[in-house]
Amino acid sequence: MADRVYYRVFGTMPTHAPYPFAEIEPRWQKAWAEARCFRAAQPGEPGSEKPKAYILDMFPYPSAAGLHVGHLEGYTATDIVARYRRMLGMNVLHPMGWDAFGLPAEQHAVQTGTHPRVTTARNIDNFRRQIQAMGFSYDWDREIDTTDPKYFRWTQWIFLKLYEKGLAYVAEAPVWYCPALGTVLANEEVLATEEGPRSERGNHPVERRPMRQWMLKITAYAERLLQDLDLLDWPESLKEMQRNWIGKSEGAEVIFSVVGSGEKIAVYTTRPDTLFGATYLVLAPEHPLVRPLTSPERKAAVEKYVRESAAKSDLERTELAKKKTGVATGATVVNPVNGEKIPIWVADYVLASYGTGAVMAVPAHDERDFEFAREYQLPVRKVIRAESEPEKECFPEDGVNFDSGFLSGLKTSQAKVAMADWLEKNNHGRRQVRYKLRDWLFSRQRYWGEPFPILWNGDRHEPLSDKDLPLTLPELVDFQPTATGEPPLGKAEAWRKLPDGRTRELNTMPQWAGSCWYYLRFCDPKNDAKPWSAEAEKYWMSGGGVDLYVGGAEHAVLHLLYARFWHKVLFDLKLVSHPEPFRRLVNQGIILGEDNRKMSKSLGNVVNPDEVIREHGADALRVFEMFLGPLEQMKPWSSKGMEGSVRFLARVWRLVCEETDSGEWIPSSTLTDGAPSPETVRALAKATAKVTEDLEKLQFNTAISALMVLVNHLTGLVKRPTAAVMQLSRLLAPFAPHLAEEVHARLGGKGLVSVAAWPTFRKEDLQEDSAELAVQVNSKLRGRITVPSLANREEIEALVRAHPDFGGWCGGKTVQKMIVVPGRIVNLISG
RNA sequence: GCCGCGAUGCCGGAAUCGGUAGACGGAGCGCACUUAAAAUGCGCCAGGCAUUGCCUAUGGGGGUUCAAGUCCCCCUCGCGGCACCA
């Protein structure tokens with residue numbers, strides 16, 4: 001009984017920490033802040049003569065929930081690189097800031113009446129606290145906040161530049177409206193889901209509504225946004241997503257004349273070579289010519305069909321619709337290439353929003369047209385044959401033309417050119433390039449965003465002048481969006497109306513505005529005269545822009561496309577020196593919960609970094625997140641694995657300290673000032689070589705593994721040379737900076753290890769004295785042989801022949817050939 | 001359907017130019033220390049047969065090669081994206 005009480009009481013007592021991280025970590029964070037050792041030198045300042053490195057994270061939206069381990073993975077990776085580059089002697093720009101405009105703070109304001117500014121400030125403080133607890137080496141003098149008037153003044157200024165260039169305009173167009181969010185959304189913010197189109201944020205249903213909105217002419221940059229992807233060191237998958245989103249297609253516009261009327265119908269096709277096979281023409285139900293062209297006897301049927309299509313959701317019109325529907329108009333057009341009369345149909349498989357809203361149907365060579373033709377018994381005329389494969393009913397691939405007049409006998413690629421030439425020569429059409437990319441819907445009916453620096457004078461808009469910037473938000477008590485679709489800013493009567501009768505634009509900018517240029521502001525964050533100085537931009541953005549940009553893949557066609565667009569506009573205005581902002585980009589993979597499912601509150605599998613730091617320390621969290629696996633890969637959390645990282649760091653600690661019976665840490669008696677043995681020299685050289693190589697390739701998991709090998713070696717020594725442990729502390733510094741500083745200091749190291757020089761090694765120290773080669777016989781492993789590591793082929797061959805097992809390996813057969821790969825294998829080929 | 005990425009022990013993952021598959025960590029097992037446990041240190045650890053040793057193993061099937069996780073062809077599964085874009 002007494003025993004059980006003893007265990008209950010002492011069994012739940014926390015055993016003391018494997019090493020005193022809770023005392024070490026805050027102390028070094030304070031030391032770094034006091035030494036200001038992570039400050040980046042501006043051009044002209046001492047330190048700016050060093051080569052620069054711009055290492056950037058995608059700055060966070062400071063949510064009420066705080067940081068999660070996924071943020072920390074990317075931030076840890078960039079911090080390691082930043083610390084490593086600093087130790088290599090580079091002038092490193094590694095900044096952090098807050099993308100603080102946005103919907104959640106405003107939704108909170110709607111519900112509680114708390115001003116978004118208050119919530120935002122509180123969330124930022126919490127994020128900053130969490131980030132600082134990780135020991136990240138940010139230059140906090142450069143912290144920025146997109147909601148600060150000193151910042152958004154310049155967001156507004158850049159908007160005016162776009163406005164002046166004619167790249168910002170107001171248009172009445174069908175746009176995506178989200179009733180739940182009370183605002184319109186950009187195409188990029190709408191996802192196609194099984195339940196229909198939904199908002200990217202919050203997964204609310206969205207609908208098409210015609211509204212007057214501000215648009216940015218991103219389409220003017222479509223070709224350059226596409227071409228310049230080739231300049232970038234980005235994941236191929238991400239470039240592909242942007243290419244798909246831009247959606248370039250090359251083809252021709254063909255003009256058909258309507259029989260018995262002066263009307264012409266233009267269609268867009270990527271296959272002008274199939275024009276001889278066109279057997280009908282299809283208009284989208286929304287096409288303006290549908291009504292005027294329909295013959296009186298078809299009128300009722302066509303109008304009914306148009307009405308039905310309009311009532312269908314986008315979903316019903318696309319993927320769920322197994323069967324194509326349509327109706328004949330009774331009108332006909334002339335195929336310009338052969339003078340043939342073909343009927344005009346209306347069908348909703350043709351989209352009004354793409355191309356001209358009309359297509360020429362070639363059922364023999366287009367799956368969709370084929371399906372439709374079969375449904376309504378329309379003629380199918382083959383004009384292209386496969387070069388080798390057997391004939392198919394519908395052949396949409398490239399081949400050779402026949403029954404095609406002047407195109408007969410030509411291959412598809414040649415036929416396309418010939419037909420385009422013919423169309424242009426005879427005025428029946430022309431070559432054309434099209435993009436799926438649409439202009440960027442840039443206004444939102446929300447309060448917590450940048451106000452547009454625009455005034456309305458009746459129906460006309462005009463820009464605010466630079467001297468009136470920043471245009472700040474009016475104070476409001478009621479943030480509720482109105483049912484009429486009028487933005488909340490409409491409630492600020494005094495703000496909205498100017499004495500001279502002009503009124504302010506009431507929409508605000510989307511959250512993406514602030515993040516479109518924040519990386520430029522980091523170059524010169526305190527400049528009150530300009531968004532950034534030319535000198536600072538040229539210095540930090542040289543060599544192709546940001547040298548390393550790490551963030552999640554969810555921004556592939558949002559932030560990353562918008563920022564590239566703004567950057568190109570700024571490039572054309574000669575405000576930046578390179579056409580692309582982010583030279584190298586890496587997506588960190590998401591970290592799953594321990595149950596292998598996506599971390600979410602409802603599943604209860606979210607890992608709270610505050611708790612992990614309290615239990616195991618920031619260094620252990622940093623090391624573990626990097627040791628989990630490759631940065632780009634999706635991987636599950638493991639609390640057992642987390643403990644492994646703690647054990648590793650505690651092993652490092654015990655190289656330097658040992659514990660007394662009373663539980664105190666005293667300097668280890670195993671340390672010696674003696675010279676390291678050749679084995680230790682080799683272990684150090686190997687670790688240095690491997691860690692250096694892996695850091696360059698962002699392979700943090702294998703770099704840590706190399707450090708573990710070194711620590712295991714040092715742990716195994718009876719006497720540990722201080723110099724060796726000192727070198728370990730420098731190799732460890734980017735990964736576990738607090739512990740590295742402590743070890744460095746306890747061993748009598750001068751200054752901060754965070755700014756010490758990165759270790760080097762001598763190539764000859766990597767060399768082993770002897771190497772063990774595998775001996776294969778007819779490619780099967782049969783034995784091993786130890787040879788001097790510098791032995792050449794002939795010497796190795798002689799050693800193999802002289803080896804006592806040689807006869808056994810050959811099994812009495814003669815060796816016809818011996819393949820020797822020094823350092824690797826010997827393969828005996830016998831017959 | 002199309003595009004991109006991936007599949008290696010019980011688990012996370014290593015493996016340069018094609019050259020000893022499984023580094024490192026976790027889990028497990030054993031030993032030492034301890035009154036005991038924890039912690040720590042050391043050792044074992046793909047599977048099968050077996051006496052040394054041999055055989056089988058990198059999602060599946062073919063191929064190239066002295067040699068394939070790695071290169072080529074076909075297929076299966078998983079993840080991400082796009083999806084009637086003419």
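To find a chain, count down the sequence lines: A is the first, B the second, and so on, and within it residues start at 1. In this text, all values refer to a predicted model and were calculated from it rather than measured experimentally.
When each of rC24(B), rA86(B), rC66(B) is scored by its nearest atom to the side-chain atoms of Met708(A), the top-ranked nucleotide is rC24(B). The side chain of Thr270(A) approaches rA86(B) more closely than any other nucleotide in the set rA86(B), rU56(B), rU16(B).
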| Reading RNA chain B 5' to 3', what string of ( ), [ ], | and . shows its pairs, if Watson-Crick and G-U wobble pairs count only when both distances fall under 3.5 Å? | (((((((..(((......[....))).(((((.......))))).((((...))))..(((((..]....))))))))))))....
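If you check every strand for non-hydrogen atoms under 4.0 Å, Val709(A) touches sugar and phosphate atoms only.
Atom NZ of Lys697(A) has more than 12 heavy atoms from other residues, nucleotides or ligands within 6.0 Å. Other residues, nucleotides and ligands contribute over 12 non-hydrogen atoms within 6.0 Å of the NZ atom of Lys719(A).
Taking atom CD of Glu594(A) as the reference point, atom P of rA27(B) lies 12 Å away to the nearest angstrom. Counting to the nearest Å, the P atom of rA39(B) and the CD atom of Glu643(A) are 9 Å from each other. One interatomic measurement links the two molecules: CZ of Arg243(A) to P of rC82(B), which rounds to 16 Å at whole-angstrom precision.
For the P atoms, the distance from rC54(B) to rG28(B) is 34 Å, rounded to whole Å. With P as the reference atom, rG48(B) and rG41(B) are 31 Å apart, rounded to whole Å. Using atom P as the reference point in both rC31(B) and rU70(B), the two lie 42 Å apart (nearest Å). rA39(B) and rC24(B) have their C1' atoms separated by 22 Å, with the value rounded to a whole Å.
Within the 3.5 Å criterion, the main-chain N or O of Gln633(A) finds a donor-acceptor partner in the side chain of Lys635(A).
Among Arg654(A), Glu658(A), Arg720(A), the single residue meeting the side chain to side chain donor-acceptor pair (under 3.5 Å) criterion with Thr670(A) is Arg720(A).
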| Verdict with reasoning, Glu393(A) to Arg374(A), per salt bridge (Lys or Arg N to Asp or Glu O under 4.0 Å) | CA-CA 11 Å; Glu393(A) 276 191 289; Arg374(A) 192 182 258 181; 3.0 Å; yes
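Heavy atoms only, all atoms of each residue included: Gly593(A) and Pro636(A) are closest at O-CB, 3.8 Å.
Side-chain contact, Tyr435(A) with Thr219(A): no donor N or O sits under 3.5 Å from an acceptor N or O.
Aromatic pair Phe648(A)/Phe627(A): centroids not less than 6.0 angstrom apart.
A donor-acceptor contact under 3.5 Å is formed by the side chain of Lys324(A) with the base of rC84(B).
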What are the atom names and distances for every N/O pair under 3.5 Å that joins the protein to nucleotides 67-69 of chain B?
| unit_1 | atom_1 | unit_2 | atom_2 | d |
| --- | --- | --- | --- | --- |
| rA67(B) | O4' | Ser779(A) | OG | 3.4 |

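At rU16(B), none of the side-chain N or O atoms of Arg824(A) fall inside 4.0 Å of OP1 or OP2 (strictly under the cut-off).
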